[in-house]
Amino acid sequence: MAKVAFIGLGVMGYPMAGHLKTKGGHDVTVYNRTAAKAEKWASEHGGKAAPTPKAAAEGCDFVFCCVGNDDDLRQVTIGPDGAFHGVKAGAVFIDNTTASAIVARELHAKAKEAGFGFLDAPVSGGQAGAENGALTVMVGGDAADYEKAEPVIQAYAKMVGHMGDAGAGQLTKMVNQIAIAGLVQGLSEAVHFGKKSGLDIAKVIEVISKGAAQSWQMENRWETMNAGKFDFGFAVDWMRKDLMICLEEARQNKANLPVTALVDQFYSEVQKMGGNRWDTSSLIARLER
Ligand code: NAP
């Protein structure tokens, strides 16, 4: 049993912190900007709620974090009362936020200076993956820190991989999001075309999902796409944040991402349709306006 802190009890962080307590059996202290959520978590799980990220981190062996974007991450780590002011030497800070590789490397260097470890460890698997403790975790950072943290991370994971030095976890998550962007647009066009053709979409999917067109998106999203239902899942606003990170990184490493850039523009149209919080499968909605 380790002494663990968790900062950021959103859709993802709330159940992840829960698994660290119930499945991992760790002594968990939580912090959330909106304090009521931390109080609720503590009363549900029997852990403690701290008033600041710094207070949560003090004395812990592992400090986890899952907030929104680069700015939020800087705020809860190196901002006033940030966790980095409380992490003890020899501890490991594990960041599950989807952020840039730049901020990962920056915080890794600051942590090293202060004598503790930093791992960028973004996740894939969505709300359901977090609730079921079945996330894929892509980790960047020093091997020794990874060895220490991996058994603890297992509490909310079905797959954990050490991808390389600081930033490599975030770069792997970018690969993941690039792969999803084009695929969801392709699936949207396929379902849209099928409907226009007058085919029975359920029958079409039943047959083609056993062939080469099969994907997680097809299995899990065709039905809601067909029904025009998008009030759940991974929000378009979050996806655009992730794609912006990918496109900025591509400007640095000179990768060509024409489809990703186009799909990002399509998502901006979905936002203009009022779809900021719709699931990413709502790309089909702009084809059917
Ligand atoms: P969310 O439900 O919006 O939760 C965000 C959390 O971060 C909340 O606890 C929020 O506190 C906190 N926060 C945000 N800005 C903050 C700041 N400046 N200072 C302190 N706390 C701050 O988001 P989520 O869906 O859990 O996503 C979290 C991260 O995981 C994002 O990077 C997202 O891209 C990534 N992710 C999400 C999914 C998904 O399916 N949702 C899947 C994979 C990865 P309050 O409660 O006070 O607002």
Side-chain angles (χ1 to χ4, degrees), residues 5-19 30-42 49-57 63-86 94-101 103-104 107 120-139 153 156-160 169-170 172-181 184 216-217 220-221 230-246 267 276-282:
F6 205 107
I7 296 160
L9 303 174
V11 166
M12 302 297 282
Y14 196 99
M16 289 163 80
H19 290 303
V30 294
Y31 164 81
N32 196 65
R33 179 178 55 185
T34 308
K37 256 195 245 175
E39 298 297 342
K40 180 170 177 274
W41 188 97
T52 64
K54 176 174 182 276
V63 182
F64 289 81
C65 167
C66 190
V67 293
N69 58 26
D70 284 21
D71 289 344
D72 303 327
L73 178 58
R74 285 197 180 93
Q75 213 163 332
V76 299
T77 51
I78 55 177
D81 281 328
F84 275 26
H85 307 300
I94 300 117
D95 175 39
N96 298 122
T97 309
T98 303
S100 68
V103 75
L107 294 178
D120 47 297
V123 299
S124 169
Q127 183 173 355
E131 286 169 356
N132 299 328
L135 292 167
T136 295
V137 191
M138 305 153 242
V139 187
I153 295 173
Y156 57 77
K158 71 162 186 227
M159 175 75 201
V160 189
Q170 296 297 352
T172 305
K173 174 75 182 182
M174 291 175 216
V175 173
N176 186 76
Q177 299 307 74
I178 292 163
I180 287 174
V184 174
W216 184 96
Q217 298 289 340
N220 293 281
R221 293 291 184 262
F230 309 115
D231 58 344
F232 66 97
F234 186 56
V236 166
D237 279 355
W238 280 140
M239 186 60 166
R240 285 212 76 201
K241 183 255 303 182
D242 292 1
L243 294 181
M244 192 183 74
I245 292 170
C246 298
Y267 277 125
N276 298 64
R277 302 296 302 176
W278 292 353
D279 181 64
T280 43
S281 55
S282 57

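On a predicted model such as this, the values are computed, not experimentally measured, just so you know. In listed order, ligands and their atoms are each counted from 1. Every heavy atom of this structure was used, including side-chain atoms; hydrogens, water molecules and symmetry mates were not.
Of all atoms in ligand 1, numbered sequentially from 1 with element shown, those under 4.0 Å from a heavy atom of Gln127 are 40 (O). Set against the non-hydrogen atoms of Cys66, the atoms of ligand 1 under 4.0 Å away are 6 (C), 7 (O), 28 (C), 29 (C), 30 (O). The contact set between ligand 1 and Trp238, taken as ligand atoms under 4.0 Å from a residue heavy atom, comprises 3 (O), 23 (O), 25 (O). If you number the atoms of ligand 1 from 1 as listed, the ones under 4.0 Å from a heavy atom of Thr98 come out as 32 (O), 34 (O), 35 (C), 44 (C). Near Val123, meaning under 4.0 Å from any of its heavy atoms, are these atoms of ligand 1: 43 (C), 44 (C). Near Gly8, with a cut-off below 4.0 Å to any heavy atom, the atoms of ligand 1 are 9 (O). Shown in contact with Lys241 at under 4.0 Å from a heavy atom are these atoms of ligand 1, numbered in order with element: 31 (C), 32 (O), 33 (C), 34 (O).
By the criterion of a heavy-atom distance under 4.0 Å, the side chain of Gln75, and not its backbone, is placed next to ligand 1. At a heavy-atom distance under 4.0 Å, only backbone atoms of Leu9 (N, CA, C or O) approach ligand 1. At a 4.0 Å heavy-atom cut-off, ligand 1 does not touch Met239 at all. Contacts with ligand 1 closer than 4.0 Å are made by heavy atoms of both the backbone and the side chain of Thr34.
Protein heavy atom in closest approach to atom 20 (C) of ligand 1: Val76 CG1, 3.4 Å. Counting only heavy atoms of the protein, atom 32 (O) of ligand 1 lies nearest to Gly68 O, 2.8 Å. Scanning all protein heavy atoms for the shortest distance to atom 46 (O) of ligand 1 gives Lys37 NZ, 2.7 Å. Counting protein heavy atoms only, atom 4 (O) of ligand 1 is closest to Gly10 CA, 3.2 Å. If you check which protein heavy atom lies closest to atom 2 (O) of ligand 1, you get Val11 N, 2.9 Å. Here the heavy atom of the protein found nearest to atom 12 (C) of ligand 1 is Val67 CG1, 3.9 Å.
Nearest-heavy-atom check against atom 15 (N) of ligand 1 across Asp72, Asp95, Thr280, Asn32 picks out Asp72. When Met12, Arg33, Met16, Arg74 are ranked by how near their heavy atoms come to atom 13 (N) of ligand 1, first place goes to Arg33.
You'll find the side chain of Tyr31 stays beyond 4.5 Å of the side chain of Pro51, heavy atoms only. For the pair Thr136/Val123, no side-chain contact is recorded, criterion being any heavy-atom separation below 4.5 Å from C-beta on. Residues Cys65 and Phe6 fail the side-chain proximity criterion, which asks for heavy atoms closer than 4.5 Å. By the 4.5 Å heavy-atom criterion applied to side chains, Thr97 and Asn69 are not counted as neighbours.
For the pair His85 (side chain) and Gly79 (backbone), a donor-acceptor distance under 3.5 Å is present. Between the Asn32 side chain and the Ala35 main chain, no donor and acceptor come within less than 3.5 Å of each other.
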message: What verdict does the side chain to side chain contact (heavy atoms under 4.5 Å, CB included) test give for Val236 and Ser282, after you've listed the backbone C-alpha separation in whole Å, the side-chain angles of each residue and the deciding distance to 0.1 Å?
response: CA-CA 8 Å; Val236 166; Ser282 57; 3.5 Å; yes
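Salt-bridge annotation for Asp279 and Arg221: present, with a side-chain N of the basic residue lying under 4.0 Å from a carboxylate O of the acidic one.
A side-chain donor from one of Gln177 and Asp242 sits under 3.5 Å from a side-chain acceptor of the other. With hydrogens and angles left out, the side-chain atoms of Ser100 and Asp70 include a donor and acceptor closer than 3.5 Å. Counted by atom type alone, Asn96 and Tyr156 present one or more donor-acceptor pairs between their side chains at under 3.5 Å.
Annotation: ring pair (Phe, Tyr, Trp, His ring centres under 6.0 Å) contacts of Phe84 (sequence neighbours excluded): Phe93, Phe116.
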